[in-house]
Amino acid sequence: MAHRRTARSVEPLCWCGSGYAFKRCHQPFARSGPGAALFLAGHPFPWALRPMPTSPRRKPPEGVAGPEYVHTGVPDSRPVPAIRTEDEIARLRTACHHAAELLAFVAALVRPGITTDELDSAAYDECARRRVYPSTLNYHGYAKSICTSVNEVICHGIPDSRPLKEGDIVNVDVTVYADGAHGDCSATLCVGDVNPVARRLVLSTLGCLQAGIAAVRPGRPLSDIGRAIEGLATRLGYSVVRQFVGHGIGPRFQTGLQVPHHYNARERLLMQPGMVFTVEPMINAGTYGAALWGDGWTAVTADLARSAQFEHTVLVTASGAEVLTANDLAPTGRRLSEP
Ligand SMILES: [Zn+2]
């Protein structure tokens, strides 16, 4: 008589990436129909993230030239041209280089037990040491130097006192203001040993960033980027966040130019050499729907399934794209302009 395998060894993991068995996770909601998302947002999954206390806001680093909103919290929203000058591109290179190195610096600290507040504090100190300004600090009043988005947080997670746990995934998003320009990049990191369902989401999201950047080409519509990203994400069984998009960047943190990561045929603006913008797909294991926490920043998936993100600042060149924030955490194969 054959031995009956124990239930534990055959229970498939939930598609949401929590690492729990499907039966004990999203199965009860599989046939909830419309409205399930709303219901789930209020459902207390045992592992769902909760708002945690945060440390006090830090003052702008001393002796460091900051952007226009350092003291007011109100960024200049007047329209700016979409094409950057040679001088601005040189400044962007400096800022993006700092951003890429800051991201690598923070990523090296990620391990089980460290709080996201500690990561933020280390990022602030590193910015002060480099004499650059952490762009998110006081941007629309934001109180921290980086964003840390854990598990079901899509983006704009506020660093807090929750220690990272083995099996978490965390997106670290850094933006630096240096030499009169901003540089912006992020990567999703695995904390210790992460379950294979969530690991696949992270790797696939990096693939989506690479596909999006590979679609950057002068003379082509911006919608090519979203088409490439959404095409790949859909084939892999994931959804693409629509509420948050990439943005033009330069002397301003956000220039007004918007870069959707899903396909929108009406997005006909043509890419031109000298445009600089972020490509930062947020890819969800479940629905693309989002809910906002009461803090006004933290965006979580409506079904509490996991979400991952990678980001680069990209310059449109005469023949393609140049990744200005190139780093080993998010390799793209497009570090340099093609001749
Ligand atoms: Zn689940």
Side-chain angles (χ1 to χ4, degrees), residues 5-52 110 112 116 147-157 160 162-172 187-208 229-230 232-244 261-262 281-294 298-310:
R5 291 173 76 186
T6 57
R8 189 183 172 78
S9 65
V10 292
E11 270 182 17
L13 294 178
C14 188
W15 53 266
C16 74
S18 67
Y20 285 70
F22 177 54
K23 229 165 72 179
R24 281 191 268 282
C25 194
H26 276 82
Q27 192 188 43
F29 311 101
R31 282 183 294 275
S32 303
L38 277 176
F39 176 68
L40 278 169
H43 181 83
F45 278 112
W47 60 90
L49 293 161
R50 302 292 144 83
M52 295 280 280
V110 168
T116 46
C147 295
T148 50
S149 301
V150 177
N151 297 344
E152 67 265 27
V153 179
I154 294 171
C155 62
H156 302 163
D160 64 18
R162 177 188 178 275
L164 291 174
K165 279 199 257 192
E166 176 103 16
D168 283 345
I169 60 173
V170 57
N171 175 273
V172 175
T188 297
L189 303 148
C190 289
V191 182
D193 193 25
V194 168
N195 75 74
V197 178
R199 249 189 351 248
R200 177 179 180 266
L201 171 69
V202 173
L203 276 175
S204 302
T205 303
L206 176 56
C208 286
I229 291 169
E230 190 170 27
L232 177 58
T234 306
R235 282 197 297 283
L236 294 169
Y238 298 127
S239 63
V240 180
V241 169
R242 300 169 172 224
Q243 299 93 327
F244 302 95
H261 303 110
H262 68 287
M282 288 142 274
I283 305 298
N284 295 356
T287 173
Y288 66 79
L292 206 60
W293 278 7
T298 310
V300 296
T301 56
D303 54 11
L304 299 181
R306 286 191 178 187
S307 178
Q309 180 183 27
F310 284 86

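One-based numbering, in listed order, for ligands and for the atoms of each. Starting from 1, each residue takes its place in the sequence as its number.
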- Any donor-acceptor pair under 3.5 Å from Asn195 side chain to Gly17 backbone: yes

- Under the 3.5 angstrom rule, does the side chain of Glu230 hit a backbone N or O of Val240 as a donor-acceptor pair? no

- Task: For the pair Phe244 and His156, name the ring-plane relationship: parallel under 30°, tilted 30 to 60°, perpendicular over 60°.
- Result: perpendicular

- Task: Measure from the side-chain N and O atoms of Asn171 to the backbone N and O of Ser149, and report whether any donor-acceptor pair falls under 3.5 Å.
- Result: no

- Could you tell me whether the side chain of Thr205 and the main chain of Gln309 form a donor-acceptor pair under 3.5 Å? no

- Side-chain (Glu166) to main-chain (Asp193) donor-acceptor, under 3.5 angstrom: yes

- Given a cut-off of 2.8 Å, the protein N, O or S atoms lying below it from the Zn ion (ligand 1) are Cys14 SG, Cys16 SG, Cys25 SG, His26 ND1

